[in-house]
Amino acid sequence: MSLFSFPDTSSITGAEPASRSRSIVIVGGGIIGLAHALTAREAGHEVTLIERETRPLGASVRNFGTIWPIGLAFGPEREQGLFGMRRWRELGPLAGFAADPCGSLSLAYRGEAWDVLTEFSSQPGAPEGFTLLTPEETLARFPMANPDGLRGALFSPQETCVRPMDALTALTAHAARRGVKFETGVCVIKVHDDAVELADGRLFRFDHCVVAAGEDMKTLFPIELAAASIRPCRLQMMRTEPVAGRLGAIMVSDLTLAHYPAFSQCPSLPALKQKIADTMAEHLAWGVHVIAAQHADGSLTLGDSHEYGQSLTPDIWMQVDDLVLENLATFTRLPGLKIASRWQGTYLKSTTGQTQVVLQPRERVTMVTAMGGLGMTLSWGLARSTVASWELLKEPVETLL
Ligand SMILES: Cc1cc2nc3c(=O)[nH]c(=O)nc-3n(C[C@H](O)[C@H](O)[C@H](O)COP(=O)(O)OP(=O)(O)OC[C@H]3O[C@@H](n4cnc5c(N)ncnc54)[C@H](O)[C@@H]3O)c2cc1C
């Protein structure tokens, strides 16, 4: 197995036409598989996607639906996230799902959080679209923000909100219309050097294979996965009944600033983390930070918590949901909120801080994993790199079909 190193394809703006059509097999119909399938098809390849369920049911339909470049460190990863944001926004009307360009509002209630936001938005390379708002400006634009103790907020225009089940369903249909072939309801049981083997005995041969099996990657590549410093993370989520009024942006507050790598360069971050450790031990123990994302029907997706380990209990902990709701009330005004559903989601995450792990267990096989909590944001940029990398191979791969 080798670690796959992508060429720099940052100058490529979309799917470049391939110099020759190749046979591509994708394992997994979540967002990583779909992004690779559509990008490869747009480049002119013959693409077959194999998904064991009859509809997407993995992490890609269990998340907030927030496209979140603000969580990514400035530089190539933020560029990858911004590319993803542009793809989601252009694909919404094409595929027929809502991609709300609402932006995000990071609200500061502790002095240390306001310091972090001020430092973050004045860093060299900070995008021009960031706007620091006083409490008065915040409340005038976002009346559902909680005024009690508010120090100010940072509005960022890039973040985008989709409803995951709607978006994945529409994207699947769009990819099929564009000529991606789907084999659903059947499991891949083995990935060979030049073909995948299905549980019903069929073989699908490929020039290149992308394995995007989400949390079940270990079934197909247990040794490679075990060697890659990756662990599962389980999160608790909730959706509310529709609420009257609009949040106006995806809303987060102090806890979230301590969560994403983007804020790690801010000199005041250690002081904020210490303040949180001193006053919110239970939130920290469960890895709780709170995002509120509103969809077109007025409902909110709320979460989340982070439990790490291989064999966690099946419980949905009411105590954790209470922590989320209690924290939500510190930065929003949402009287009479009613929870309509609760669920868990799991993703794989690198233990060494990588936001994505790409492995090449065989010459023609690419494993894409450990996108952590940013896979919806990063998937399109990663797919672009994967597809471009096939073009840059020195020796054309002999087609076996
Ligand atoms: C609760 C939660 C909240 C999140 N919030 C966000 C967010 O707001 N923004 C963001 O950018 N990211 C978010 N993420 C991360 C994002 O959802 C994931 O990184 C991303 O969905 C991973 O996509 P995937 O395609 O790899 O996995 P999945 O969506 O899990 O898809 C894998 C697919 O492979 C299929 N499969 C597995 N094994 C086989 C096999 N052997 N044969 C055939 N098919 C197989 C499965 O059935 C599944 O459909 C969140 C994740 C979670 C869990």
Side-chain angles (χ1 to χ4, degrees), residues 25-37 48-72 80-81 84-85 88 104 159-165 167-168 171-172 182-191 196-200 204 209-221 232-239 250 252 256 259-260 287 289 291-293 301-307 324 342-350 355-358 367-383:
V25 170
I26 312 277
V27 182
I31 189 55
I32 309 299
L34 270 179
H36 278 82
T48 302
L49 186 152
I50 301 161
E51 163 59 51
R52 67 180 174 191
E53 308 289 350
T54 51
R55 60 189 297 186
L57 289 175
S60 303
V61 294
R62 294 166 186 247
N63 59 55
F64 293 94
T66 57
I67 313 309
W68 200 244
I70 195 170
L72 293 160
Q80 186 183 349
M85 174 272 287
W88 279 109
S104 67
E159 288 62 51
T160 301
C161 191
V162 302
R163 190 174 172 122
M165 186 61 92
L168 268 281
L171 268 179
T172 302
F182 284 84
E183 293 287 336
T184 58
V186 60
C187 201
V188 170
I189 55 167
K190 184 90 185 154
V191 180
V196 297
E197 184 179 341
L198 273 52
D200 60 12
F204 283 75
C209 175
V210 176
V211 184
E215 63 171 307
D216 289 317
M217 203 63 107
K218 67 181 175 198
T219 314
L220 295 169
F221 290 105
C233 175
R234 188 177 70 180
L235 301 84
Q236 280 187 206
M237 302 285 288
M238 292 174 264
R239 183 160 303 119
I250 301 160
V252 300
T256 296
H259 182 77
Y260 286 106
H289 81 107
I291 299 179
T301 300
L302 304 173
D304 54 15
S305 55
H306 297 78
E307 274 181 276
V324 169
R342 302 171 197 263
W343 68 94
Q344 299 172 345
T346 301
Y347 55 60
L348 300 184
K349 192 170 170 65
S350 155
T355 56
Q356 49 216 300
V357 174
V358 182
M367 268 171 81
V368 180
T369 184
M371 309 288 283
L374 288 161
M376 294 284 276
T377 308
L378 293 167
S379 50
W380 295 103
L382 185 56

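One-based numbering, in listed order, for ligands and for the atoms of each.
Close approach to Ile50 involves these atoms of ligand 1, each under 4.0 Å from a residue heavy atom: 43 (C), 44 (N). The distance from ligand 1 to the heavy atoms of Gly345 drops below 4.0 Å at these ligand atoms: 53 (C). With ligand atoms numbered from 1 in the order given, ligand 1 contributes 32 (C), 33 (C), 34 (O) to contacts under 4.0 Å with heavy atoms of Ala212. Taking every non-hydrogen atom of Met371 and a distance limit under 4.0 Å, the qualifying atoms of ligand 1 come out as 19 (O). Close approach of ligand 1 to Gly28 (heavy-atom distance below 4.0 Å) involves ligand atoms 33 (C), 34 (O), 35 (C). Ligand 1 places these atoms under 4.0 Å from at least one heavy atom of Leu374: 10 (C), 11 (O), 12 (N), 15 (C). Within ligand 1, the atoms closer than 4.0 Å to a non-hydrogen atom of Ile31 are 20 (C), 21 (O), 23 (O), 25 (O), numbered from 1 in the order shown.
Nearest protein heavy-atom neighbour of atom 39 (C) of ligand 1: Arg52 CD, 4.0 Å. The protein heavy atom nearest to atom 38 (N) of ligand 1 is Ala213 CB, 3.5 Å. Ranking protein heavy atoms by distance to atom 27 (O) of ligand 1, first place goes to Gly214 CA, 3.5 Å. Looking only at heavy atoms of the protein, atom 23 (O) of ligand 1 is closest to Ser60 OG, 3.2 Å. Looking only at heavy atoms of the protein, atom 51 (C) of ligand 1 is closest to Tyr347 CD2, 3.4 Å. Looking only at heavy atoms of the protein, atom 24 (P) of ligand 1 is closest to Ile32 CG1, 3.4 Å. The protein non-hydrogen atom at the shortest distance from atom 12 (N) of ligand 1 is Gly373 O, 3.0 Å. Counting only heavy atoms of the protein, atom 8 (O) of ligand 1 lies nearest to Thr66 OG1, 2.5 Å.
Leu72 contributes atom CG, which lies 9.0 Å from atom OH of Tyr260 (distance to the nearest 0.5 angstrom). To the nearest 0.5 Å, atoms CG (Leu374) and CG (Leu382) are separated by 12.5 Å. Distance CD/Glu307 to SG/Cys233: 8.5 Å, rounded to 0.5 Å. Note that CE of Met237 is 11.0 Å distant from CZ of Arg62, once rounded to the nearest 0.5 Å. Atom CG of Leu34 is separated from atom CG of Leu171 by 6.0 Å, given to the nearest 0.5 angstrom. We find the CD1-CE distance between Ile32 and Met371 to be 4.0 Å, quoted to the nearest 0.5 Å.
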For this session: Go through the steps for Cys209 and Val191 under the test side chain to side chain contact (heavy atoms under 4.5 Å, CB included), then give the verdict.
Result: CA-CA 9 Å; Cys209 175; Val191 180; 4.3 Å; yes
Exercise. Do Thr48 and Ile26 pass the side chain to side chain contact (heavy atoms under 4.5 Å, CB included) test, and can you show the C-alpha distance, the side-chain angles, and the key distance before you say yes or no?
Worked result: CA-CA 6 Å; Thr48 302; Ile26 312 277; over 6 Å; no
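Heavy atoms of Cys187 found under 4.0 angstrom from ligand 1 belong to the backbone as well as the side chain. In Arg62, the part holding a heavy atom less than 4.0 Å from any atom of ligand 1 is the backbone. Proximity of Leu378 to ligand 1, defined as any heavy-atom pair under 4.0 Å, is not found for any part of the residue. Counting heavy atoms closer than 4.0 Å to ligand 1, residue Thr377 contributes atoms from both its backbone and its side chain. If you look at Ile67 next to ligand 1, there are no close heavy atoms at all, none under 4.0 Å. The proximity of Glu53 to ligand 1, defined as any non-hydrogen pair under 4.0 Å, is limited to the side chain. The side chain of Met237, and not its backbone, has at least one atom closer than 4.0 Å to an atom of ligand 1 (non-hydrogen atoms only; side chain from C-beta on).
Between Thr172 and Leu168, the closest heavy-atom pair is OG1-O, 2.7 Å. Taking each heavy atom of Gly29 and Pro56 in turn, the nearest pair found is O-CB, 4.0 Å. Nearest heavy-atom pair across Pro69 and Glu159 is CD-OE2, 3.4 Å. The two residues Leu220 and Val188 come nearest to each other via the heavy atoms CD2-O, 3.5 Å. The shortest non-hydrogen separation linking Leu378 to Gly81 is CD2-N, 4.3 Å. Summarising the geometry of Ser379 relative to Ile31, their closest heavy-atom pair is OG-CG1, 3.4 Å, with the distance given to 0.1 Å.
Annotation: Gly375 places an N or O atom under 3.5 Å from an N or O atom of ligand 1; distance criterion only. At under 3.5 Å, not a single nitrogen or oxygen of Leu235, backbone or side chain, sits near a nitrogen or oxygen of ligand 1. Of the N or O atoms in Leu57, none lie within a sub-3.5 Å distance of an N or O in ligand 1. In terms of N/O distances under 3.5 Å, ligand 1 is approached by Met376. Between Glu51 and ligand 1, an N or O atom pair is found at a separation short of 3.5 Å.
Using a 30° and 60° split on the angle between ring planes, His289 and His306 fall in the parallel class, below 30°.
Distances from atom 15 (C) of ligand 1 to the heavy atoms of Ala59, Gly71, Gly372 put Gly372 nearest. Nearest to atom 50 (C) of ligand 1 by heavy atom, out of Asn63, Thr219, Val191, is Asn63.
Just one of Ile67, Ile250, Thr377 meets the side-chain contact (heavy atoms from CB on, under 4.5 Å) condition when paired with Thr160; it is Ile67.
Taking 4.5 Å as the limit, every side-chain heavy atom of Trp380 sits out of range of all side-chain heavy atoms of Met85.
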